[in-house]
Amino acid sequence: MSTPARRRLMRDFKRIQQDSAGGVSASPLPDNVMIWNGIIIGPQDTPFEDGTFRLKLTFDEQYPNKPPQVKFTSEMFHPNVYASGELCLDILQNRWSPTYDVASILTSIQSLLNDPNINSPANVEAANLYKDHRSQYTKRVRQTVEKSWTEDIQDIDDDDDDDEDDDSEDDEE
Amino acid sequence: MSLKRHNSNDDSSSGETHKNHLSKKLKRSDSPLDELSECGQLTQEDVVYYQKEAIYRLLSLSRSRNKRLKRDMELVNNNYEKLQSKFLVLNSWWFQIVENFQNFDRIKESSPDFNESLLINIQSDNDEKLKQLRQKLISLIQPLLSIEPSNKEDKLVSLQESLTNLNLFKNQLQDENNLLKDKIEELNQELDSFIKQKDRSESKTLDRITEVKKENERDGSPVANGDSVKTNGTTATTNGTVDAVEVENLKVEIDELKAKNSELTSQLTEKLNLMHKLETKLLTLQNNFSNLTEADLLKSSIYQALVKKNTELSSELSKLKYESSKIEAQFLEFESNQTKNETKLREKLTDELNANNNYVSKIENDLNRVRSDRDELQSKYSILKAEKGKSELTAEYKKLNETLEKRIQELEARVEGNLTVDESDSSPKDMETLMKHNKLLSLELKQLEEAFKSARQTASAKLSKYADSEHYINKLTIEKNKADQKYFQAMRSKDALSSQDKRLKKNYTRSCQT
């Protein structure tokens with residue numbers, strides 16, 4: 001069934017396909033357009049450089065009048081990201097505007113990575129390290145960057161294992 | 001879809017370790033360049049390729065660091081070995097020197113063999129510096145050991161000086177060493193950044209991302225609405241393998257959209273017609289509203305309510321006016337009563353004041369009269385008191401008279417008694433003598449009487465004189481009292497006049513003020 005929210009999401013998808021900003025990517029699930037998987041590549045010359053961070057965006061029927069729920073599925077060490085992966089970002093809460101689309105949300109999150117807001121920390125340890133021990137903070141962030149690579153490789157391995165299972169089944173048939 | 005997982009049918013088994021997985025992945029991605037998409041957003045394959053390149057970059061960086069560290073390590077090890085051998089030689093020399101100085105007394109002669117045995121020989125041939133140092137030390141120690149320790153202190157001082165100089169030199173060298181170390185560290189960091197930059201510049205995935213960015217920048221502002229789908233020729237050509245199903249879906253979607261469009265158009269015409277009707281109605285109503293008749297007004301419930309309200313308000317207003325006039329009349333009456341009462345009270349007050357003033361003046365007069373009466377009575381009292389003193393004098397005078405008369409009578413009675421007794425009892429001789437005696441005595445009596453009379457006259461004259469003077473004093477006292485009374489009266493009249501004067505002055509100032 002086509003609803004305003006779904007139509008808008010399809011439009012966002014077309015737009016992100018045609019004019020995707022550098023270092024961000026997102027697409028809906030094949031069976032549910034209301035849930036999207038996104039990826040943000042860590043900005044250059046920052047501790048997050050070379051990292052590939054996965055996110056999950058959940059929309060409801062009130063979109064774009066209401067912001068989506070955004071959550072990092074990759075492990076993150078950032079002052080404005082909770083341990084659960086949820087974000088503390090003003091444009092996803094009280095400063096949301098219907099003019100924002102998926103690409104702009106992801107770009108905002110990408111810029112948030114190197115420009116955290118220390119005044120409202122979601123991860124106190126990260127905020128304290130960022131404030132007082134920057135080298136320690138960088139080290140922890142690099143660890144999450146390296147973890148972000150292994151997560152994807154593990155996922156691919158899992159997929160390959162599934163494929164191999166399928167192949168073996170086919171052979172058996 | 002873009003984030004589809006990369007499926008590969010290469011060899012691997014599910015139960016292998018993570019390390020094997022990694023090696024398997026490296027084997028599998030033989031031709032990653034074929035899998036890198038050229039436009040649109042990043043695919044899963046692009047991301048994995050990017051990750052691999054990132055890992056490769058990190059590995060490359062780690063490899064160069066590792067190489068450098070190995071090189072440093074080798075250098076350090078070599079240095080350590082050299083230093084260890086030198087340390088051993090120097091340490092043995094030190095012990096030998098100590099030993100030699102302990103056995104100082106026994107060394108008396110100096111032969112070349114003996115000199116050679118002072119410090120142990122060096123095994124390695126390539127350490128020329130150490131050999132030279134050995135020779136120098138021998139040349140230094142040998143004379144020290146051979147001569148008497150007379151100028152020991154001087155030499156100690158010189159040795160200390162040389163030690164200080166050497167320490168200074170050592171510190172300088174240390175500083176230089178630190179500087180060089182810092183420089184090396186900087187150079188290493190620069191090398192790291194250079195390697196990283198080189199790797200990044202060679203990275204195709206990064207080129208891919210930056211290309212997308214550049215395209216965006218070239219395009220300027222992004223498309224405002226996704227509805228305007230671009231029919232980019234390049235996209236069409238590059239995406240030659242567009243799925244036919246997707247085209248079908250798009251066609252269906254277009255049909256749906258067309259149907260929806262026609263529906264919306266019909267709805268729009270309906271709404272436009274309705275809007276036109278409503279506009280005409282609005283115009284007629286506006287005309288009616290601008291030219292309202294009495295009948296229209298009467299029909300209007302608001303107008304009727306307003307009229308009713310108006311009548312109610314006017315009746316209330318008239319009531320209020322009546323109340324107001326009534327209150328005004330009452331107010332005037334009260335005001336006139338107040339002025340009347342005020343004038344009455346003022347009159348009464350002035351009357352009372354006048355009466356009081358009169359009464360006060362009357363009382364003052366009475367007081368003056370009482371005072372004058374009192375003074376008069378006081379003078380009368382004093383006169384009476386003086387009179388009383390006079391009567392007492394008279395009474396005393398009478399008493400004296402009586403006492404004198406009584407004495408005279410007593411004396412006459414005694415004389416007569418003597419005469420009678422003598423006449424009966426005495427002889428004629430005696431009679432004659434007695435006669436003579438009697439005559440003498442009568443004469444003497446006459447003389448006494450005369451003296452008494454003269455004395456009495458003198459006393460009475462004195463008494464009368466006294467009385468006269470007393471009378472005169474009384475008279476003077478009365479006169480004095482009278483004069484006092486007059487004086488007091490004059491003072492009182494003076495006081496009254498001054499008070500009257502004051503009152504008049506006060507009245508005058510009050511009248512001036514008014």
CG (B:Leu58) and CZ (A:Arg142) are apart, to the nearest 0.5 Å, by 6.5 Å
How long is the straight-line distance from OH of B:Tyr50 back to CD1 of A:Ile39, given to the nearest 0.5 Å?
10.0 Å
Does CD belonging to A:Gln69 count more than 12 external heavy atoms closer than 6.0 Å?
no
For atom CD of B:Gln267, decide whether the heavy atoms of other residues, nucleotides or ligands shown that lie under 6.0 angstrom number more than 12.
yes
Below 4.0 angstrom, N of the basic side chain to O of the carboxylate: do A:Glu49 and B:Arg57 qualify?
no
Is A:Asp45 paired with B:Arg200 through a side-chain N to carboxylate O contact shorter than 4.0 Å?
no
Residues of residues 182-194 of chain B with any heavy atom under 4.5 Å of a heavy atom in chain A
none
Are the side chains of A:Glu146 and B:Ile55 in touch, meaning some heavy atoms are under 4.5 Å apart?
no
Looking only at A:Arg8, A:Gln44, A:Met10, the option with the highest number of non-hydrogen pairs under 4.5 Å against chain B is A:Gln44
